[in-house]
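To start, the structure under review is shown below, and the notes come after it.
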Amino acid sequence: MKRKLRMGMVGGGNDAFIGAVHRIAAFMDGKIELVCGTFSVNREISLQSGEDLFVPEERVYVSYQEMIEQEAKLPDGERMDFVTIVTPNFLHFEPAKLALESGFDVVVEKPMTVSLEEALELQKIVERTGRTLCLTHTYSGYPMVKQAKAMIKEGHFGKIRKILVEYPQGWLSRLTEREGNAGAAWRTDPKRSGKSLAMGDIGTHVAHLAEYVTGLRITEVCADLTSFVEGRQLDDDGSVLLRFTEGAKGVLTASQICAGEENAVRFRIYGDKGGVEWANEDPNNLIVKMLDQPRQYYRTGNAYAAPFTLSTFASHNTRIPAGHPEGLLESFANIYRNFAATVAAKKDGKTPTPEQLDFPNVNDGVRGMAFIDTVVASNESNEKWTKFVI
């Protein structure tokens, strides 16, 4: 393509956190521009947000319905190419459905919907329309996460036996939702968030990482969910035993009441030859642990000689020379860049490369909703194991 992709945004106004993160990530490579939006249910906030973002007032719409309908009427050279949806969970499905059916591609925050039924419907719409849907499981965008995936696929660690994934946070250790924190208020409200807090908000991230990095699929779970903070309606802590395809076993923990923790995402994966470890708080390092060998550290951006050469997927998603930290925003931008390259290739009648297609999609969204459903069902069951519903 000889122009930038044009983005519309639902949500993400001046009163929101995640919208700004999406915009920084989308704009980082100069391939995307914001042309329209409905940034808040509060019309004044939406208009002010549009003005601050240099969006013409006539393209700051009252609702997502108006935005999608009016943009669809514009000439090809003016209308938006895709919609980014950064609203609370209960407002993901309808805008995504309308956008896809109106001929627009979609980027949506996770979890994709508030129910598995909605997720399955979006999957059918994507299959029917041929549109592209990107789900922002951010941690899969890191170069060293992709390196771990490539090494496991190549059999570097042998047959995978044990998968440990965790996401401890501490920001909901108090009843923060009643202290004026808007993000906490909607996340802890089952009408707006869905049937799970900790597992829906952050458990889905590490469940996705477990499957993405290993290439295996969760088949059964045994879950224990707790709401530790008195007065909270949804779980704020959870531990899950996992069974995977090919016989691997795992443990997933997701908690938002680990006082003092920030976003300590980590995975440790072990095969019969060795293991690999990665942590979000030290993202440039990938720790490789082999039987009868010294511990090895792979670092982002290095041109190692064979047999230590970094994978094309890690290199494709590395932005700066070795030794310079690459963090969440760069990882987020990798997802947007790969999505944009895929959309542009399709518009040009070309086939996207495997590296360009390497971003979470609608199928990952379905898996995420199935994970939430299965974990909640397991927690409520007297049976030890609950089969994964997809």
Side-chain angles (χ1 to χ4, degrees), residues 5 7-12 18-19 21-23 25-26 32 81-100 104-127 129-142 145-146 149 165 167 187 193-194 196 199-213 215 217-218 254 265 317 328-329 331-343 346 352 355-373 390:
L5 287 179
M7 178 174 78
M9 180 167 273
V10 179
I18 200 65
V21 174
H22 274 261
R23 289 189 292 270
I32 295 170
D81 295 298
F82 72 94
V83 179
T84 288
I85 302 167
V86 287
T87 56
N89 301 350
F90 78 105
L91 287 173
H92 289 179
F93 173 71
E94 291 294 346
K97 178 178 184 291
L98 182 58
L100 291 167
F104 298 110
D105 299 302
V106 170
V107 176
V108 62
E109 260 295 328
K110 45 72 12 219
M112 189 167 70
T113 56
V114 293
S115 73
L116 178 58
E117 292 73 23
E118 289 180 347
L120 288 168
E121 185 171 348
L122 284 186
Q123 186 181 50
K124 290 178 181 177
I125 294 170
V126 168
E127 292 171 355
T129 62
R131 307 312 314 179
T132 300
L133 185 145
C134 171
L135 186 70
T136 52
H137 276 304
T138 317
Y139 304 102
S140 64
Y142 281 101
V145 170
K146 296 182 183 298
K149 177 181 176 68
V165 290
Y167 197 154
R187 282 177 173 84
S193 181
S196 174
M199 285 298 153
D201 193 30
I202 59 176
T204 50
H205 269 310
V206 283
H208 175 258
L209 272 181
E211 294 194 335
Y212 174 75
V213 176
R217 291 291 178 261
I218 299 168
V265 180
N317 290 281
L328 184 79
L329 292 174
S331 176
F332 221 122
N334 288 339
I335 290 174
Y336 262 100
R337 181 178 62 181
N338 293 342
F339 164 78
T342 294
V343 171
K346 288 183 175 182
E355 288 82 1
Q356 291 170 340
L357 287 166
D358 184 29
F359 58 86
N361 58 36
V362 69
N363 300 320
D364 297 293
V366 169
R367 294 287 298 176
M369 295 313 303
F371 170 77
I372 295 169
D373 268 17
I390 290 294

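- Scanning all heavy atoms of the two residues, the minimum distance from Ala119 to Val366 falls at O-CG2, 3.6 Å.
- The nearest pair of heavy atoms linking Met112 to Met369 is N-SD, 4.3 Å.
- Lys146 places a side-chain N or O within 3.5 Å of a backbone atom of Ser140 that can act as its donor or acceptor partner.
- A distance-only check finds a donor-acceptor pair linking the side chain of Thr113 to the backbone of Ser115 [under 3.5 Å].
- The minimum heavy-atom distance linking Ile202 with Ala254 is given by the pair CG1-CB, 4.0 Å.
- Between the side chain of Asp81 and the backbone N or O of Leu5 there is no donor-acceptor pair closer than 3.5 Å.
- Looking at Asn361, Ile335, Val343, Asn338 one by one, the single match for side-chain contact (heavy atoms from CB on, under 4.5 Å) with Cys134 turns out to be Ile335.
- Side chains of Gln123 and Asn363: a donor on one and an acceptor on the other come within 3.5 Å.
- Atom CD of Glu94 and atom CD1 of Ile85 lie 10.5 Å apart (nearest 0.5 Å).
- Using the six-membered ring where Trp is involved, His205 and Tyr167 have ring planes that are tilted, between 30° and 60° apart.
- Just one of Asn89, Thr136, Thr87 meets the side chain to side chain donor-acceptor pair (under 3.5 Å) condition when paired with Glu109; it is Thr136.
- Two residues are said to be in side-chain contact when any heavy atoms from C-beta on lie closer than 4.5 Å; Ile125 and Glu121 meet this criterion.
- Judged purely by atom type and a 3.5 angstrom limit, Ser331 uses its side chain to pair as donor or acceptor with the backbone of Thr138.
- Scanning all heavy atoms of the two residues, the minimum distance from Thr84 to Val86 falls at CG2-CG1, 3.8 Å.
- The aromatic rings of His137 and His208 lie parallel to each other, with less than 30° between the two planes, well short of the 60° mark.
- Formation of a donor-acceptor pair under 3.5 Å by the Asn334 side chain with backbone atoms of Asn317 is found in this model.
- Of the possible polar contacts, none joining the Arg367 side chain to the Glu211 backbone as a donor-acceptor pair under 3.5 Å is found.
- Here the closest heavy-atom approach between residue Val165 and residue Ala210 is recorded as CG1-CB, 4.0 Å.
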